[in-house]
Structure formats: C-alpha cells, structure tokens
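Quantities reported herein were computed from a predicted structural model and do not represent experimental measurements.
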Amino acid sequence: PICFTTQSAPVNHAPTLTLTSTSGASVTTGQAYSIAMSAADVDGNLNNVDVNWNDGTAVEHKTVSGSSASVTFTRSFGTARTINWSATAYDTAGLASPTLSGSFTVNCPTPGTPSTPSPANGATISAQPTILDWADTSGATSYDVYLDGTFWANVPVSQLTLNVSLALNTHTWYVTAKNSCGAIQG
C-alpha cells in the first residue's frame with residue numbers, strides 16, 4: 001500500500017489599512033494636508049499603500065514590507081475645491097485591503113479689508129498729497145487703486161506715489177485688496 005498525506009494550500013489573507021490621523025476637515029490653498037495610516041498583513045506580505053487624491057494627478061504609491069507599516073501621504077493644493085481621497089494597501093500577491101476614504105475642503109481665503117487710508121476720508125489738506133497710503137492687508141498680493149472713481153493703478157505694496165498734479169477740488173479714492181481668491185474693497 002502507498003500512504004500519503006494531503007495538505008491544504010496556505011491561505012493568503014488580505015492586508016488591513018487603518019486611518020490614524022488627517023489634517024482635519026479643511027486647509028487653505030498652499031497649506032499641506034496629511035493622511036496617516038497603519039497597514040498590517042498577518043501573512044507578513046505587505047507590498048504597498050496607494051492614495052488616490054482624485055484630483056487628476058497620478059495615484060501616489062509608497063512601498064512597504066513585512067507585517068506592519070505606518071505611512072503618511074502629504075499634498076498641497078493650489079485651488080479651492082473639495083478633495084475626495086481613497087487609500088488601499090496591497091500585499092505581494094496583489095490582494096487589497098478594504099478601501100479607506102475621506103474628504104476635505106481646500107479653502108481660498110480672500111484678503112482682508114484695506115484700512116487706515118491717508119489722506120483719510122473727509123480730510124481737508126492744504127497741499128496736494130504725493131502719496132496715497134493704507135495699512136497692509138492680510139492675504140493681499142496686490143492692490144487696485146481708484147482715484148475719483150477711475151482705476152488708477154495696480155500696486156504690489158500698500159502705497160501709491162502720485163506722479164501727477166490734481167486739480168484743486170474734492171477728490172475721492174479707495175483701494176481694493178486682491179489675491180487669487182478674490183478682492184475686497186476698503
């Protein structure tokens with residue numbers, strides 16, 4: 001008689017992926033957003049963790065190995081929008097973990113309101129001003145200056161030198177602070 005023993009093929013288990021932290025519900029444009037995760041595989045066959053930011057860029061891929069690994073993915077975004085991300089861990093046999101997903105908002109803040117103009121509103125002055133000045137405005141990248149209701153200049157700083165003589169009369173002026181997200185009139 002011939003005697004033999006049969007064995008079942010080893011079972012490969014899919015890895016798991018656990019979210020450990022994120023940067024929260026929102027960030028502003030240019031600010032980094034991070035997703036931290038822990039991957040595990042009881043078979044010790046971890047291979048990679050992928051994140052899809054679903055923003056038109058390629059899936060980010062990080063190589064891992066062994067039975068457990070911690071990974072962090074970080075990205076900055078330049079435009080306001082909602083990001084719906086997804087992440088998956090894979091083992092060397094190609095088995096995938098259940099997909100983790102989440103979303104966050106990228107906000108684009110408008111600049112602050114220009115203030116403390118000089119000459120001030122309603123001021124009576126005896127000499128023609130040579131400089132229009134105002135306080136720096138948070139978030140502004142440039143300022144549009146209007147004189148007597150007409151666009152006069154766009155300047156990168158909170159001051160405009162007048163290189164023209166104004167008629168002796170009542171004049172008005174105002175400033176609009178600007179950035180890529182919008183404009184606020186002061």
Check: Quick one: do Y146 and L166 end up in the same hydrophobic cluster if we chain Ile, Leu, Val, Met, Phe, Trp and Tyr together by side-chain heavy atoms under 4.5 Å apart?
Finding: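 They do not share one cluster, since no chain of ILVMFWY contacts under 4.5 Å joins Y146 to L166.
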
Check: Are V71 and L100 connected in a single hydrophobic cluster, I mean Ile/Leu/Val/Met/Phe/Trp/Tyr linked by side-chain heavy atoms less than 4.5 Å apart?
Finding: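 Yes; tracing contacts between hydrophobic side chains, which count when under 4.5 Å, links both residues.
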
Next item on the list: Apply the side-chain contact (heavy atoms from CB on, under 4.5 Å) test between Y90 and each candidate in N48, L95, V49, V64; give the one that qualifies.
Entry: N48

Judged by atom type as modelled, is there a donor-acceptor pair below 3.5 Å linking the side chain of [X] to the main-chain atoms of [Y]?
X: T20; Y: A36; result: yes
X: N45; Y: G94; result: no
X: T29; Y: G78; result: no
X: D91; Y: L46; result: no
X: T141; Y: K178; result: yes
X: S118; Y: A120; result: no

For a quick check under 3.5 Å, do [X] and [Y] share a side-chain donor-acceptor pair by atom type?
X: S34; Y: R75; value: no
X: N52; Y: N54; value: yes
X: N107; Y: T105; value: no
X: D144; Y: N154; value: yes
X: S158; Y: D136; value: yes

What pair of heavy atoms forms the shortest contact from [X] to [Y], and how long is it?
X: T79; Y: V106; result: O-CG1, 3.4 Å
X: A177; Y: T137; result: CB-CG2, 3.9 Å
X: C108; Y: A80; result: CB-CB, 3.7 Å
X: G112; Y: I184; result: O-CB, 3.9 Å
X: L160; Y: V155; result: CD1-CG1, 3.8 Å
X: T82; Y: S103; result: CG2-CB, 4.5 Å

Checklist line | Ring centers of Y33, F104 separated by less than 6.0 Å | finding: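 Ring centroids of Y33 and F104 are less than 6.0 Å from each other.
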
I need the [X] [atom1] to [Y] [atom2] distance, nearest 0.5 Å.
X: L17; Y: T99; atom1: CG; atom2: OG1; answer: 8.5 Å
X: I83; Y: S26; atom1: CD1; atom2: OG; answer: 12.5 Å
X: N84; Y: D55; atom1: CG; atom2: CG; answer: 10.5 Å
X: H61; Y: D50; atom1: NE2; atom2: CG; answer: 5.5 Å
X: D148; Y: W152; atom1: CG; atom2: CH2; answer: 8.0 Å

Note to self: Between I131 and L162, does the side-chain contact (heavy atoms from CB on, under 4.5 Å) criterion hold? Intermediate values first, please.
What the structure shows: CA-CA 6 Å; I131 294 176; L162 294 173; over 6 Å; no

Notebook entry, point to check: When you look at Y143 and V157, which way does the side-chain contact (heavy atoms from CB on, under 4.5 Å) test go after all the steps?
Noted result: CA-CA 7 Å; Y143 302 90; V157 295; 5.7 Å; no

Checklist line | Side-chain heavy-atom pair S38, L19 within 4.5 angstrom cut-off | finding: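 No. Closest side-chain heavy atoms not under 4.5 Å.
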
Check: Is there side-chain contact between W53 and I35, with heavy atoms separated by less than 4.5 Å?
Finding: yes

Next item on the list: Give the ring-plane orientation class for W134 versus W173, where under 30° counts as parallel, over 60° as perpendicular and anything between as tilted.
Entry: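 Answer is tilted, since the angle falls between 30° and 60°.
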
Item checked: Test side-chain contact (heavy atoms from CB on, under 4.5 Å) applied to V59 and V51, step by step -> CA-CA 6 Å; V59 171; V51 165; 5.9 Å; no

Item checked: K62 NZ/CZ over F73 ring centroid, <6.0 Å and within 45° of normal -> yes

Margin query: I'd like to know whether M37 forms a side-chain contact (heavy atoms from CB on, under 4.5 Å) with T72, so could you lay out the CA-CA distance, the side-chain angles of the two residues, the decisive distance to 0.1 Å, and finally the verdict.
Written below: CA-CA 6 Å; M37 296 165 277; T72 300; over 6 Å; no

